[in-house]
Number of protein chains: 2
Amino acid sequence: MSELNSDFQLEEAIGMHVNRTAFLMTEEIAKRFASHDLPLSAQDFGILFRLQKQGPVTQVEIASMMMRDKTTITRRIDGLVKKGLVERKPCPDDRRYFRVGLTKAGQQALVVMIPLVRAFQQEVLSDIPDEEKAITIRTLKQISDKLIKLK
Amino acid sequence: MSELNSDFQLEEAIGMHVNRTAFLMTEEIAKRFASHDLPLSAQDFGILFRLQKQGPVTQVEIASMMMRDKTTITRRIDGLVKKGLVERKPCPDDRRYFRVGLTKAGQQALVVMIPLVRAFQQEVLSDIPDEEKAITIRTLKQISDKLIKLK
DNA sequence: TACAATGGTTGCGTTATACAACTATATCGC
DNA sequence: GCGATATAGTTGTATAACGCAACCATTGTA
């Protein structure tokens, strides 16, 4: 290949590291959830956690925060409903939409999952100075903000 | 929810940022490849790039570096063969395996893709000091190394 | 020489995904 | 007030990625 390309090092490419890390973290946290009888993905956790924090939200809002098509969210919520973790409450003001909220079981699931997630994050970051954690998170946030603007 | 969980902030959770960034980067680079008539994923680029750098490798080696099942790789390679970018060369020493190598077209594709990837990475990191880039990459690498050990 | 290990493929089922088209409801402009 | 338009959500359908189980061919080993 030409000299133009010969200096490109995949090992120093941030994209590869971001992808690899995302894959491994997603896999590991799902495994830990599963070992506590919670067959849920990291994405599912993200939805449940936000429902807890922000109260019931519409599916379109979930779609927006997950950056997925609303039809994808319909089916993800279907899955969580089937597992009994969330419920769709019709909204009397505007009968077009639902408010998706946690059930008791969903809240219970979070009681298990949140400590797992916290412990996991502390574990993978245990050797890393606080300063560097902060820089890493800030850098990732800057990259994703820039990419969102780009869309 | 209990006080135990109330201090958990998803916004400061590295997992969410890693995932989000990976998703956005993967999507954007695929879009850029596509706009140059190269309907390939970031993963495909990863394979092609390594073939260029390391010369022909076996499918099991690819599976290992991509952290995927070998059957998944069989089908990914099938796709790249169909696109004319790689070829399977039988290995006379040991007739069980192939060496997968770049074709001329595969090399040409890299000539287009490598500058795209390089420009993309520079672009998303443009506002970030070199020191912080380095810390971010190192941190991600430490996390993924730790997770690999954990398996 | 029988048996285990290795590289690769195929069959199959699962999951995530989005687009197009649709229903139902709400809102806006005139 | 009414017709056009926008919005929330669902369903049909297709695609892609993925991995497990089972398999074949070949090689290495006891």
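In what follows, every heavy atom counts, from backbone to side chain, and hydrogens, waters and symmetry copies are set aside.
At a threshold of 4.0 angstrom between heavy atoms, the contacts of A:Asp93 are confined to the sugar-phosphate backbone, with no base atom among them.
OP1 and OP2 of C:dG8 both lie 4.0 Å or more from every side-chain N or O belonging to B:Arg96.
Across the protein-nucleic acid pair, B:Gln43 atom CD and D:dA16 atom C1' stand 13 Å apart, rounded to whole Å. At whole-Å resolution of the value, CD1 in A:Ile77 and P in D:dA8 are 15 Å apart. C:dA16 atom C1' lies 11 Å from atom CG of A:Asp44, rounded to whole Å.
Counting heavy atoms from C-beta on, the side chains of B:Lys141 and A:Thr21 never come closer than 4.5 Å. B:Gln52 places a side-chain heavy atom less than 4.5 Å from the side chain of B:Ile114.
Remark: B:Ser64 pairs with no residue by the side-chain hydrogen bond (donor to acceptor under 3.5 Å, both in side chains) rule, at least two apart or across chains. With sequence neighbours excluded, the residues satisfying salt bridge (Lys or Arg N to Asp or Glu O under 4.0 Å) with B:Arg76 are B:Asp44. Residues satisfying the side-chain hydrogen bond (donor to acceptor under 3.5 Å, both in side chains) test with A:Arg138, not counting sequence neighbours, are B:Glu132.
Listed candidates were C:dA16, C:dG8, D:dA8. Nearest to the side chain of A:Arg76 is C:dA16. When distances are taken from the side chain of B:Asp94 to each of C:dA26, D:dG19, D:dT27, the shortest belongs to D:dT27. You'll find that the side chain of B:Thr58 is closest to C:dG7, out of C:dG7, C:dA18, C:dT25.
Heavy-atom distances under 4.0 Å link DNA chain C to no residue of residues 20-28 of chain B.
Side-chain contacts under 4.5 Å among hydrophobic residues (ILVMFWY), followed directly or transitively, place A:Ile135 together with B:Ile135.
Residue pairs satisfying the salt bridge (charged side-chain N to carboxylate O under 4.0 Å, His left out) criterion with at least one member in residues 78-87 of chain B, sequence neighbours excluded, are listed as follows: B:Asp78-B:Arg88. For residues 22-34 of chain A, every residue pair satisfying the side chain to side chain donor-acceptor pair (under 3.5 Å) rule, not counting sequence neighbours, is listed here: A:Thr26-B:Asn19, A:Glu27-B:Lys151, A:Glu28-A:Arg32, A:Arg32-A:Glu123.
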Only distances under 3.5 Å count here; give the side-chain donor-acceptor pairs of residues 92-105 of chain A to other protein atoms, sequence neighbours excluded, each with its distance to 0.1 Å.
| from | atom 1 | to | atom 2 | distance (Å) |
| --- | --- | --- | --- | --- |
| A:Asp94 | OD1 | A:Arg96 | N | 3.0 |
| A:Asp94 | OD1 | A:Arg96 | NE | 3.0 |
| A:Asp94 | OD2 | A:Arg96 | NE | 3.4 |
| A:Asp94 | OD2 | A:Arg96 | NH2 | 2.7 |
| A:Thr103 | OG1 | A:Gly84 | O | 2.5 |
| A:Thr103 | OG1 | A:Leu85 | O | 3.1 |
| A:Thr103 | OG1 | A:Ala105 | N | 3.3 |
| A:Thr103 | OG1 | A:Gly106 | N | 3.0 |

- Message: One character per nucleotide, please: for nucleotides 9-15 of chain C, 5' to 3', B when the base has a protein heavy atom closer than 4.0 Å, S when only the sugar-phosphate does, - otherwise.
- Response: BBBB---
